[in-house]
Amino acid sequence: MSGVIVTDPPRAAAEDVDALAGFGVATVSEAMGRTGLLGPGVRPVQQGVRVAGTAVTVLSWPGDNLMIHAAVEQCGEGDILVVTTTSPSTDGMFGELFATALQRRGVRGVVTNAGIRDTQELRDMGFAAWARAVSSQGTVKATGGSVNVPIAIDGQVIRPGDVILADDDGVVVVPRERARATVEASEAREAKEARTRAAFLDGELGLDRYGLRETLERLGVEYRTYDEYAGESS
């Protein structure tokens with residue numbers, strides 16, 4: 001497998017990345033029209049952490065972390081390393097030593113479609129990580145791949161410089177050209193949810209606030225007392 005290492009790709013504006021870090025993954029995905037989510041199999045190895053950064057992408061051979069070593073050189077302040085493999089792999093391709101090198105360069109975390117190890121050490125050093133698997137299985141450094149090329153995880157295309165937002169609920173990718181618009185849409189969604197939250201605290205029901213009684217009626221869902229229902233079932 002040959003490959004390429006692309007240097008200095010365009011990145012989303014730092015102020016937009018930092019603004020997106022103020023929203024949850026669910027909010028941002030909803031604000032983009034329920035798009036951008038990586039699948040539920042990519043899970044955090046810690047809790048209570050949210051990070052946003054610009055993607056440095058890695059395409060590796062399964063069981064081989066050579067290209068992660070190459071990617072470290074391309075990483076800088078505010079980035080998130082995003083790793084996938086050419087075919088499914090759960091090997092522990094990333095651990096505490098990689099995190100040490102990346103943390104020194106200002107990288108905010110790692111997201112991988114493969115495996116990760118040294119999870120306690122990562123938590124202790126405060127390096128955020130999301131992975132498909134946790135595995136102690138080691139890897140080799142023998143096969144070429146690519147850095148900073150478009151990759152795909154769970155059907156989502158991730159390009160270098162796109163925004164990666166990750167928290168306890170998972171990971172979402174925001175195309176770099178849509179970062180500012182997504183910040184604005186997320187702000188609007190949070191304001192709407194604040195109004196709804198206040199209404200629910202006042203006792204209003206979602207059935208009424210969202211006009212769902214009409215939906216139930218249209219779908220033919222009927223109300224019955226217990227005695228009516230029991231009589232119909234006997």
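Across all their heavy atoms, Ala129 and Leu122 have their closest contact at CB-CD1, 4.1 Å. Heavy atoms only, all atoms of each residue included: Met93 and Ser60 are closest at CE-CB, 3.7 Å. Contact between Ile80 and Gly53 at its shortest, heavy atoms only, is CD1-N, 3.4 Å. Taking every heavy atom of both residues into account, Ala128 and Val49 meet most closely at CB-CG1, 3.9 Å. Nearest approach of Cys75 to Val107, heavy atoms of both residues: CB-CG2, 3.5 Å. Val149 approaches Thr57 most closely through the heavy-atom pair O-OG1, 2.6 Å.
Asp118 places no side-chain N or O within donor-acceptor distance of the main-chain N or O of Gly95, the cut-off being under 3.5 Å. The backbone N or O of Gly76 lies less than 3.5 Å from a partner atom in the side chain of Asp79, making a donor-acceptor pair. No donor-acceptor pair under 3.5 Å is formed between the side chain of Ser89 and the backbone N or O of Thr85. Distance alone, capped at 3.5 Å, places no donor-acceptor pair between the Asp162 side chain and the Val173 backbone. Of the possible polar contacts, one joining the Arg117 side chain to the Ser136 backbone as a donor-acceptor pair under 3.5 Å is found.
No side-chain heavy atom of Val172 sits less than 4.5 Å from a side-chain heavy atom of Gln156. Thr84 is listed as a side-chain neighbour of Leu59, based on a closest heavy-atom distance under 4.5 Å. You'll find the side chain of Ser29 stays beyond 4.5 Å of the side chain of Thr35, heavy atoms only. Put simply, the side chain of Arg178 reaches to within 4.5 Å of the side chain of Pro175, judged on heavy atoms. Inter-residue side-chain proximity for Thr112 and Trp130 is flagged as unmet; no heavy-atom pair is nearer than 4.5 Å. Contact of the Val163 side chain with the Asp16 side chain is not registered, since no non-hydrogen atoms from C-beta on lie closer than 4.5 Å. At a threshold of 4.5 Å between non-hydrogen side-chain atoms, the residues Leu216 and Tyr223 count as touching. Met125 is listed as a side-chain neighbour of Thr100, based on a closest heavy-atom distance under 4.5 Å.
Linking Ile, Leu, Val, Met, Phe, Trp and Tyr residues whenever their side-chain heavy atoms come within less than 4.5 Å leaves Val42 and Ile116 in two separate clusters. Put simply, Leu97 and Leu66 are part of two different groups of oily side chains (I, L, V, M, F, W, Y) that touch within less than 4.5 Å, one to the next. Phe127 and Val134 fall within a single hydrophobic cluster, where Ile, Leu, Val, Met, Phe, Trp and Tyr side chains are chained together by heavy-atom contacts under 4.5 Å. When hydrophobic clusters are built by joining Ile, Leu, Val, Met, Phe, Trp and Tyr residues whose side-chain heavy atoms come closer than 4.5 Å, directly or via intermediates, Val83 is not grouped with Ile153. Leu20 and Val171 sit in two unconnected hydrophobic clusters of ILVMFWY residues. Membership requires side-chain heavy atoms under 4.5 Å apart, directly or through other members.
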> Stepwise, does the side-chain contact (heavy atoms from CB on, under 4.5 Å) test hold for Thr225 with Tyr229?
Replying inline: CA-CA 6 Å; Thr225 67; Tyr229 178 73; over 6 Å; no

> Can you check salt bridge (charged side-chain N to carboxylate O under 4.0 Å, His left out) on Arg108 and Asp18, steps first, answer last?
Replying inline: CA-CA 12 Å; Arg108 295 174 176 174; Asp18 291 342; 3.2 Å; yes

> Would Ile151 and Val157 satisfy side-chain contact (heavy atoms from CB on, under 4.5 Å), going step by step from the backbone distance to the final call?
Replying inline: CA-CA 6 Å; Ile151 61 174; Val157 175; over 6 Å; no

> Checking side-chain contact (heavy atoms from CB on, under 4.5 Å) for the pair Val174/Leu165: CA distance, chi angles, key distance, verdict?
Replying inline: CA-CA 8 Å; Val174 180; Leu165 174 67; 5.6 Å; no

>> Pair Asn148, Gln74 - check side-chain contact (heavy atoms from CB on, under 4.5 Å), show working.
In response: CA-CA 8 Å; Asn148 278 335; Gln74 304 305 316; 4.0 Å; yes

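Put simply, CZ on Arg209 and CZ on Phe200 are 7.0 Å apart, with the number rounded to the nearest 0.5 Å. Once rounded to the nearest 0.5 Å, the distance linking CD of Gln120 with CD of Gln46 reads 11.5 Å. For the atom pair CD of Glu77 and OG1 of Thr54, the computed distance is 10.0 Å after rounding to the nearest 0.5 Å.
Other residues, nucleotides and ligands contribute over 12 non-hydrogen atoms within 6.0 Å of the CD atom of Glu190. Summarising the local packing, CD of Glu217 is surrounded by 12 or fewer heavy atoms from other residues, nucleotides or ligands at distances under 6.0 Å.
No side-chain donor from either of Ser135 and Asp91 sits under 3.5 Å from a side-chain acceptor of the other. Between the side chains of Thr139 and Asn65, a donor-acceptor pair is found at a separation under 3.5 Å.
A salt bridge links Arg224 with Glu222: the distance from a Lys NZ or Arg NE/NH1/NH2 to an Asp or Glu carboxylate oxygen falls below 4.0 Å. Using a 4.0 Å cut-off between charged nitrogen and carboxylate oxygen, Asp208 and Arg213 count as a salt-bridge pair.
The side-chain hydrogen bond (donor to acceptor under 3.5 Å, both in side chains) analysis of residues 166-177, with sequence neighbours excluded, yields the pairs Arg159-Glu177. Applying the salt bridge (Lys or Arg N to Asp or Glu O under 4.0 Å) test to every pair with at least one member in residues 149-158, sequence neighbours left out, gives these pairs: Arg132-Asp154.
The side chain to side chain contact (heavy atoms under 4.5 Å, CB included) test with Val56 singles out one residue from Val147, Val82, Val110, and that residue is Val147.
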